[in-house]
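All values below were derived from every heavy atom in this structure, side-chain atoms included, with hydrogens, water molecules and symmetry-related copies excluded. All of these numbers come straight from a predicted model, not from anything done at the bench.
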Amino acid sequence: MIFWDWYAPSCTASYFRNIFKSDGVKAVKAMFKFEAETPKWSNSRSVCALADGERHFGHVLRIGGRWQAFDATQPNDEATGFLFLGCFGTLAAAKASVEQSTLAIQSELAKVA
């Protein structure tokens with residue numbers, strides 16, 4: 001399954017196949033191993049995902065030494081995938097971007113409910 005290669009035209013589809021054949025699948029499977037109310041990060045060398053027991057909030061992918069962040073709670077402008085938040089030099093910055101984008105929305109929804 002490949003669905004991110006149009007976000008990064010310089011990356012090849014084979015790169016994404018290799019991620020999912022190696023440690024990416026482990027990160028996705030790890031997301032569903034805990035049943036916490038609070039979102040937590042599941043981490044691997046190339047893919048990190050933010051999720052709780054019921055929802056996937058966002059993820060970051062390491063591509064070419066940089067981290068690309070995605071908000072999985074909002075579609076992109078073309079409605080063809082997740083909202084791209086940006087490309088970051090550090091994992092911490094990419095994760096902070098995902099948390100700021102996704103968890104801020106969650107806290108606002110909680111106030112309304």
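For the atom pair CG of Leu50 and NZ of Lys40, the computed distance is 11.5 Å after rounding to the nearest 0.5 Å. With values rounded to the nearest 0.5 angstrom, Leu91 atom CG is found 12.5 Å from Arg66 atom CZ. From Ser101, atom OG reaches atom CZ of Phe70 across 12.5 Å, with rounding to the nearest 0.5 Å. Separation of atoms CG (Asp71) and CZ (Phe84) is listed at 12.5 Å; rounding is to 0.5 Å. Separation of atoms NE2 (His59) and OG (Ser42) is listed at 13.0 Å; rounding is to 0.5 Å.
The minimum heavy-atom distance between Val98 and Ala69, with the atom names listed, is CG2-CB, 3.8 Å. For the pair Asn76 and Phe82, the tightest heavy-atom approach, listed with the atom from each and the gap, is CB-O, 3.5 Å. Here the shortest heavy-atom pairing between Thr73 and His56 reads CG2-O, 4.4 Å. Between Phe57 and Ala51 the shortest heavy-atom distance is CD1-CA, 3.9 Å. Taking both residues in full, the closest heavy atoms of Arg45 and Arg62 are given as O-CZ, 3.2 Å, listed atom of the first, atom of the second, then distance.
Residues Trp41 and Glu99 form a side-chain contact, since some pair of their non-hydrogen atoms from C-beta on lies under 4.5 Å apart. You'll find the side chain of Phe88 stays beyond 4.5 Å of the side chain of Val60, heavy atoms only. Arg55 has its side chain out of reach of Thr102: every pair of non-hydrogen atoms, C-beta onward, lies at least 4.5 Å apart.
Every residue was checked against the side chain to side chain contact (heavy atoms under 4.5 Å, CB included) condition with Ala96, not counting sequence neighbours, and none meets it.
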